[in-house]
Amino acid sequence: MNWLGRLAAVAAEGAEDIRGGGFWMPQSASTTAPEVDFVFYFILAISAFFFVLIVALTALFVVRYRARPGHSEQDSPTHNTALELTWSIIPSILVLMMFWFGFKAYMDQYNPPANAYEILVEAQKWNWSFQYPNGYIDKDLHVPAGTPVRLVLTSQDVIHSFFVPAFRVKKDVVPGRYNKVWFEATQPGSYVVFCTEYCGTGHSDMLAHVIVHPPGEFEAWLEKAANFLDTLPPAEAGKLLYEQRGCTQCHSVDGSPRVGPTFKGIWGHEVKLRDGSTVPVDEDYLRESIVDPQAKVVDGFDPVMPTYAGRLKDKEITYIIEYLKSLGEEQP
Amino acid sequence: MTTLDASVPRPAQRPASDRDNYLTHARGFLSWAFTLDHKRIGVMYLVSTLGAFLLGGLLAMLIRTELLTPGPTVIDADTYNNVFTLHGAIMIFLFLIPVIPAALGNFVLPLMLGAKDVAFPRMNLLSYWIYATGGIMLLGVLLTGGLDTGWTFYTPYSTTTNTSVGLATLAVFILGFGNIFTGVNFITTIHKLRLPGQTWSKLPLFIWAQYATSVIQILATPVLGITVLLIFIERVMGVGIFDPNLGGDPVLYQHFFWFYSHPAVYIMVLPAMGVISELISVFSRKPIFGYKAIAGSSLAIAIVGFFVWGHHMFTSGQSNLAGTIFSILTYAVAIPSAIKVFNWVATMYKGNIRLDAPMIYALSFLWLFGIGGLTGLFLGNLGVDLHLHDTYFVVAHFHYVMVGGTLAAFLGALHYWWPKMFGRMYNEPLARICAVLVFLGFNLTFFVQFIAGTKGMPRRYFNYLPEFTVYHQISSAGAFLTGLAFFIILYYLLVSLVRGRPAPANPWGGATLEWQTTSPPHPHNFPEPPVLTGPYEFSALVFDEEVGGYVLRPERAGGAPSGAEGHR
């Protein structure tokens, strides 16, 4: 696994992700984050008060009433209704306040403004796909600053969860359901997206980034990004598809094995399958492996790849094949 | 059940020749394997649960070693997923749930009631062997493909992974029956086998806690059994219950699972609270403050605890109304726990506080469970939980409750009842040092996880961003320190079995009835019926230099059937 390179990239790109916050929370970069932080610090203050109270009283009693020669226990009441009511009612009022503030923060996070910009999010083991209204799909979430964005979340396989710490936003991505979540980013920059529902081998590598564009620049980015099939040479467009559409999570291009076989140097060679037969790696074999991955599974690997039929256009499949050809025939 | 007559006089201390005890009464493997003696069954549970704890603890050390650096350190991602799953499953199902009720409760509960045994001794033995069978099956997954679902078995991951989920769910199903049998046994025993005159308001609070726990075990465990059976059916027969590809609903599984597993938290923590009520009062030499409030709050927690399960699912897409109700009820269940803590602190007021090892564990329970409970206020909050859910904040929170709470109470209870169980005193100075070491190591391990969690570090992560490295390394250092302390504890406890000073009947001055019989107890518990005293009536006891422990005051030992006011 090329985790070192990946970490270096993430470190360079995401160094701001958790820095810039206080002792407790990370930096805050959405309109609802300050409200969540307020509730957090409200509960923290009350908790700290009661914790210090308990520690101070126990410590005081241990010191004052410690067993020592000449000291013995003294009578004191074994209950006191007024005292017991006080320490039941005051905490009850405090927790009701906590509940109320939390409820308000939750509802603000739940109800998106009517004019929110909608992006479809698809999760699968172990990558994210973000689809924009013009049909373009990217591995990262690009959004404009200062615009409410509504995400419609779906999963191809198991439950995942969409979490952006800087936005204080989290929602499970459940197969068979459409969960929705919204946010409005306030600061241009790059913020990490985590998967926070355990989903197997690559769970902790299922990261993406939210790229917040300055107001006015998002539209230009989207138009340029969406045209790459027409503007880039096929192999380069195929490389972009390889990176953007989830191939890279399981297939390396440097010869190292991941969940699936590497793409390096397979073109033009024969490959051994699970059933013992061999098949030449040509255009037809690669196309079949993309649209019907279980048909011919390479020896030593599990049949776990989801189909891309209907998810990649013919032209995109052709360009990915061109990219694989460009990786050369030299075996790793 | 022998009729016990409280008016029969009883000598303060039996001569050594009278010391026929449950450990030496019969010998050989079969005399243990088929014993009906609740004390021996308790010891068998103790040894088994400690074995599970050792295994779960070694897995924890492996987790913390792997997390010393981002990316692969000593194992690969799939192995890591197996390790944290088995750590959780072993610690919860084989250690935390049975350890206080089935191991210590089995030993102490009938003694505290002045009874000869539990109500259904054969069922008690059966519950142990069910536990042993389920435990072996759960460990069997190690040989049959592992288990990588997390202890929560969330669908559809658990119904589609190729690891040994079928065997694991069957093991959990079987283990559940052991819990149910223990619960039925304890409830019946508490209702039917109390010493004459021992009314409900004279029961030790440990008994009240066990009662509340048993209610949860009986009502909640069947739901878990049915749920894991449904997973088994879905996997084996392809019936669509939870998997959306077969027409099921994965969130339905979470409702079923947490309907058991949230009350299960109280199965683990209520007995611990019962232990703390005993320890604080005995080592402060003061009757417990607010007996009725503590007893009542155990029941309140048991009941309200059934209606808070949805707070595990605030981000799952359940309805807002459901989330709102679950949040309010979660805050409601915080109040009885807070009341207990205040009562424990008030018990120490004007006491004569001895910092023996059990009391150090009780104090560390107060502080650590305090943090565990208070951090629950963040997670029960609809708004804040959206940020903290499934991060290290949650990991730290439940370890503060389960380890800082249940494990600290268990260690306190183990040291407290060790002389009674095995008739030997352990090395007290070493025990105090280790109690402090466990406290320090634990805080070092888990406090930084709160910080990492608020920064966004997700749980169940094999790899992590380099920014989190410092938190993980501090945490690992704490884990190794805690692990070291556990080995020292194991060492001096084992040594005490051979070389420990013989224990008097009542080394600590406990006023509950188990301290009136010999250490270790007679096979039939009380050759002569115990004298009924209030559970916290320390004025009935006096320290006897000759015996080296506490004895009943002569006027009370004379057996005057007084009102035995344990609390006013």
Side-chain angles (χ1 to χ4, degrees), chain A residues 3 7 10-11 14 18 24-26 36 39-40 43 47 50-51 54-55 57-58 61-62 65-67 71-74 76 78-79 84 87-88 91-92 95 98-99 102-103 105-106 109-110 158-159 161 163 165 168 170-172 174-177 179 194 196-201 203-205, chain B residues 70-71 77-78 150 154 156-157 244 250-251 285-287 289-290 293 315-317 320 324 327-328 331 334-335 338-339 341-342 345 348-354 363 366-367 370-371 374 377-378 381-384 386-387 389-390 451 454-456 458 460-467 567-568:
Chain A
W3 58 273
L7 278 178
V10 170
I18 67 164
W24 292 104
M25 290 292 208
V36 172
V39 188
F40 176 85
I43 301 175
S47 301
F50 279 99
F51 179 69
I54 290 166
V55 170
L57 282 177
T58 45
F61 291 169
V62 164
Y65 307 121
R66 70 188 182 280
H71 179 266
S72 66
E73 63 272 21
Q74 292 134 42
S76 61
T78 55
H79 77 97
E84 289 179 67
W87 71 39
S88 308
S92 301
V95 297
M98 290 175 196
F99 162 76
F103 173 71
Y106 177 84
Q109 276 212 29
Y110 186 81
V158 299
I159 302 178
S161 190
F163 177 36
R168 318 288 191 265
K170 185 179 292 123
K171 198 78 177 181
D172 290 2
V174 182
R177 286 192 181 209
N179 276 348
F194 289 120
T196 45
E197 186 61 67
Y198 171 71
C199 56
T201 312
H203 172 52
S204 61
D205 289 322
Chain B
D78 286 325
Y154 266 24
Y157 190 84
V251 178
R285 313 306 302 153
K286 291 282 288 182
F289 186 90
T315 65
S316 71
N320 288 340
T324 305
S327 179
I328 292 187
Y331 278 119
I335 300 299
I339 291 174
V341 171
F342 293 136
V345 175
M348 295 165 64
Y349 179 64
K350 287 196 173 179
N352 192 32
I353 298 167
R354 260 196 347 242
L363 290 175
L366 278 188
W367 296 4
I371 294 179
L374 289 166
L377 299 173
F378 296 83
N381 190 284
L382 283 169
V384 179
L386 294 184
H387 180 63
H389 181 75
D390 271 348
I451 306 168
T454 66
K455 295 278 183 193
R460 295 176 170 176
Y461 260 33
F462 166 70
N463 192 1
Y464 54 82
L465 298 183
E467 293 94 304
H567 55 93
R568 278 153 272 179

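Naming: A, B, ... by sequence-line order, numbering from 1 per chain.
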Query raised in the report: Do you know which of Gly176(A), Ala105(A), Cys199(A) has the most heavy-atom pairs with chain B at a distance under 4.5 angstrom?
Result: Cys199(A)
Query raised in the report: Tell me, do Phe289(B) and Glu84(A) make a side-chain contact under 4.5 Å, heavy atoms counted?
Result: yes
Report task. Enter the distance from Tyr106(A):OH to Leu386(B):CG here, rounded to the nearest 0.5 Å. Result -> 6.5 Å
**Report entry** Point-to-point distance, once rounded to the nearest 0.5 Å, from OH of Tyr464(B) to CG of Asp205(A)
**Finding:** 13.0 Å
Query raised in the report: What part of Ile335(B) gets closer than 4.5 Å to chain A, counting heavy atoms only: side chain, backbone, both or neither?
Result: side chain
Requested in this report: Identify which of Val55(A), Ile54(A), Val39(A), Val36(A) forms the greatest number of heavy-atom pairs closer than 4.5 Å to chain B.
Outcome: Val55(A)
Report summary line: When the 4.5 angstrom heavy-atom criterion is applied to Gln74(A) and chain B, the contacting part is both
Query - Contacting moiety of Phe378(B), where chain A heavy atoms sit under 4.5 Å - result: both
Query - Max heavy-atom pair count under 4.5 Å with chain A, selected residue of Ile451(B), Leu366(B), Ile371(B) - result: Ile451(B)
Requested in this report: Using modelled atom types only, decide if a donor and an acceptor are shared between the side chain of Ser204(A) and the backbone of Asn463(B) within a distance under 3.5 Å.
Outcome: yes
Query raised in the report: Taking all non-hydrogen atoms of both residues, which atom of Pro250(B) and which atom of Pro175(A) are closest, and how far apart?
Result: CG-O, 3.9 Å
Query raised in the report: Any chance the side chains of Ser72(A) and Asn352(B) put a donor and an acceptor closer than 3.5 Å?
Result: no
Report summary line: One option among Gly370(B), Gly317(B), Gly351(B), Gly290(B) has the most heavy-atom pairs under 4.5 Å with chain A, and it is Gly351(B)
Requested in this report: Sort out for me which of Val251(B), Asn320(B), Val341(B), Ile339(B) touches chain A most, counting heavy-atom pairs under 4.5 Å.
Outcome: Asn320(B)
Query raised in the report: Ignoring hydrogens and geometry, is there a side-chain-to-backbone donor-acceptor pair from Lys455(B) to Met25(A) under 3.5 Å?
Result: yes
Requested in this report: State which residue, out of Phe40(A), Phe163(A), Phe194(A), fulfils the ring pair (Phe, Tyr, Trp, His ring centres under 6.0 Å) condition with His387(B).
Outcome: Phe163(A)
Report summary line: Ranked by heavy-atom pairs below 4.5 Å to chain A, first place among Gly150(B), Ala334(B), Ala338(B), Pro156(B) goes to Pro156(B)
Report summary line: Okay, Arg66(A) and chain B: the region with an atom under 4.5 Å from a heavy atom over there is both
Query raised in the report: Would you call the rings of Phe342(B) and Phe50(A) parallel, tilted or perpendicular if under 30° counts as parallel and over 60° as perpendicular?
Result: tilted
Query - Region of Leu363(B) that comes under 4.5 Å of a non-hydrogen atom in chain A - result: side chain
**Report entry** Pairwise side-chain contact, Ser161(A) with Asp390(B), heavy-atom cut-off 4.5 Å (strictly under)
**Finding:** no
Query raised in the report: Are the side chains of Lys286(B) and Ser76(A) in touch, meaning some heavy atoms are under 4.5 Å apart?
Result: yes
Query raised in the report: Can you find a pair of side-chain heavy atoms, one from Asn381(B) and one from Phe99(A), that are under 4.5 Å apart?
Result: no
**Report entry** Among the listed options Thr315(B), Ile328(B), Thr324(B), the residue most often paired with chain A at heavy-atom distances under 4.5 Å
**Finding:** Thr315(B)
Query raised in the report: Between atom OH of Tyr65(A) and atom CD1 of Ile353(B), what is the distance when rounded to the nearest 0.5 Å?
Result: 8.5 Å
Query raised in the report: If we only count heavy atoms from C-beta on, is the Ile159(A) to Tyr157(B) side-chain gap below 4.5 Å?
Result: no
Query raised in the report: Arg285(B), Met348(B), Arg354(B): which one forms the most heavy-atom pairs within less than 4.5 Å of chain A?
Result: Met348(B)
**Report entry** Whether Tyr349(B) and Phe61(A) hold their rings parallel, tilted or perpendicular, with breakpoints at 30° and 60°
**Finding:** tilted
Report task. Return yes if some donor-acceptor pair links the side-chain N/O of Asn179(A) with the main-chain N/O of Ser316(B) below 3.5 Å, else return no. Result -> yes
Query - Approximate separation, where rounding is to 0.5 Å, of Met98(A) CE and Leu382(B) CG - result: 14.0 Å
Query raised in the report: Does the side chain of His389(B) come within less than 4.5 Å of Thr196(A)'s, by heavy atoms?
Result: no
